[in-house]
Asks: 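I have a structure here, written as structure tokens, and I will follow up with some questions on it.
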Amino acid sequence: MYIRNNTIALVFRVVFLIICGAGLVMKLIYSGFSLDTIMGDFALISNVLSLVYFAYLIIARPGYERGLLRGAVTIYMLVTFVVYYFMHFGMAANPLFELSLAGYLLYFAAPLMAVLDYLLFCRKGEFTPYSPLIWAILPVVFNIAVYIINRIGISFVAIPYFNLLGLNMLITLFVFLGVSYLLFAVDNLLAGRRR
């Protein structure tokens, strides 16, 4: 589905900015703006990237979106949702009711809205077969940075984004690439391509 109504897209994206921005502000007020907070949760990075990207869409109003950035924002938010869904619905150790309002906004509401925005307002067929490899660069660099910081003595909490259900980083990277290529395939199907 591709809705070409710019007014509906604009309203939807403004609501996204409010939800995502509120979640980020609440999270940083509660946790503090520190290296430990930022490097301890890739969901903050994915939400900030999405916030900046959606602000760009609202301000610049490009005629059409480039596939690379749209894909990165969509896949990061999709994986954020999936990871936290499994953590809070699929594992009894972390029941959902323990989440703060910021957690609901950053891990569930904003990611779902980002994916919905892609499905409803984004022209399909803009991704290339190399896009998923490029999308993986930021998570890999982030994880390497956390690993290096941990090795020099600063201890962070395990990052669930890269350690889902006890999987190591390499396996998680392959899972991430698999989900990314699945998004690429779905995008091609929605664009009407048959390869």
Side-chain angles (χ1 to χ4, degrees), residues 1-31 37-38 41-90 94 96-127 131-132 135-136 138-139 142 159-161 164 176 179-180 182-191:
M1 178 182 285
Y2 177 33
I3 299 173
R4 294 189 168 109
N5 188 317
N6 290 335
T7 304
I8 295 173
L10 180 66
V11 170
F12 187 88
R13 290 166 179 171
V14 167
V15 172
F16 172 86
L17 286 184
I18 293 168
I19 288 174
C20 186
L24 286 167
V25 168
M26 285 187 279
K27 175 76 172 179
L28 293 175
I29 287 174
Y30 175 74
S31 302
T37 300
I38 295 167
D41 190 357
F42 187 80
L44 289 176
I45 304 291
S46 64
N47 274 273
V48 167
L49 181 64
S50 298
L51 186 77
V52 170
Y53 184 72
F54 276 75
Y56 159 75
L57 291 178
I58 290 170
I59 294 167
R61 295 189 187 185
Y64 72 95
E65 298 177 60
R66 303 283 181 207
L68 190 62
L69 284 175
R70 166 53 82 169
V73 165
T74 303
I75 197 66
Y76 297 159
M77 293 297 266
L78 178 63
V79 172
T80 296
F81 174 82
V82 169
V83 167
Y84 285 95
Y85 176 85
F86 277 112
M87 284 178 59
H88 293 283
F89 284 103
N94 295 310
L96 186 63
F97 61 81
E98 289 184 5
L99 270 179
S100 64
L101 178 57
Y104 285 113
L105 296 178
L106 295 176
Y107 305 145
F108 297 103
L112 283 175
M113 288 189 74
V115 173
L116 272 175
D117 187 87
Y118 159 75
L119 291 172
L120 298 175
F121 307 116
C122 181
R123 189 171 72 178
K124 312 303 183 288
E126 298 294 318
F127 304 151
S131 295
W135 301 337
L138 181 61
F142 178 84
I159 304 168
Y161 197 94
L164 182 60
F176 179 85
V179 173
S180 297
L182 183 62
L183 176 62
F184 169 72
V186 167
D187 183 75
N188 281 342
L189 288 174
L190 292 174

Asks: Could you tell me if K27 sits above the aromatic ring of Y107, with its cationic atom closer than 6.0 Å to the ring centre and no more than 45 degrees from the axis?
Replies: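 Judged by the rule (NZ or CZ under 6.0 Å from the ring centre, within 45° of its axis), K27 is not positioned above Y107.
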Asks: Which atom pair, heavy atoms only, marks the closest approach of A110 to F16?
Replies: O-CE1, 3.3 Å
Asks: Among V15, V25, N47, which residue meets the side-chain contact (heavy atoms from CB on, under 4.5 Å) test with C20?
Replies: N47
Asks: If you take all heavy atoms of M26 and L105, which pair is closest and at what distance?
Replies: CE-CD1, 3.2 Å
Asks: Looking at every heavy atom in both L49 and V73, which two are closest together, and how far apart are they?
Replies: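 Heavy-atom minimum between the residues: CG-CG2, 4.1 Å.
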Asks: Rounded to the nearest 0.5 Å, what's the gap from OG on S131 to CD1 on I75? Could you check?
Replies: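 One gets 11.0 Å once the value is rounded to the nearest 0.5 Å.
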Asks: Quick check: closest heavy atoms across T80 and P111, and the distance to 0.1 Å?
Replies: CG2-CG, 4.2 Å
Asks: Step by step, work out the side-chain contact (heavy atoms from CB on, under 4.5 Å) result for Y76 and L138.
Replies: CA-CA 10 Å; Y76 297 159; L138 181 61; 3.3 Å; yes
Asks: Given side chains that start at C-beta, do those of P139 and F176 come closer than 4.5 Å, heavy atoms only?
Replies: yes
Asks: If the threshold is 4.0 Å, N to carboxylate O, is there a salt bridge linking D117 and R70?
Replies: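 Counted as a salt bridge, because a side-chain N and a carboxylate O are separated by less than 4.0 Å.
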Asks: Taking all atoms of both residues into account, what is the closest heavy-atom pair of A114 and F54, and its distance?
Replies: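 Heavy atoms only, the tightest pair is CA-CZ, 4.1 Å.
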Asks: Can you name the nearest heavy-atom pair linking G71 to L183, along with the distance?
Replies: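 Where G71 meets L183 most closely, the heavy atoms are O-CD2, 4.3 Å.
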Asks: Do Y53 and L69 come close enough that some side-chain heavy atom pair is under 4.5 Å?
Replies: yes
Asks: To the nearest 0.5 angstrom, please state how far the CD1 atom of I19 sits from the CE atom of M113.
Replies: 4.5 Å
Asks: Carefully, step by step, assess F127 and W135 under the rule ring-ring contact (aromatic ring centres under 6.0 Å, His included).
Replies: CA-CA 11 Å; F127 304 151; W135 301 337; 5.0 Å; yes
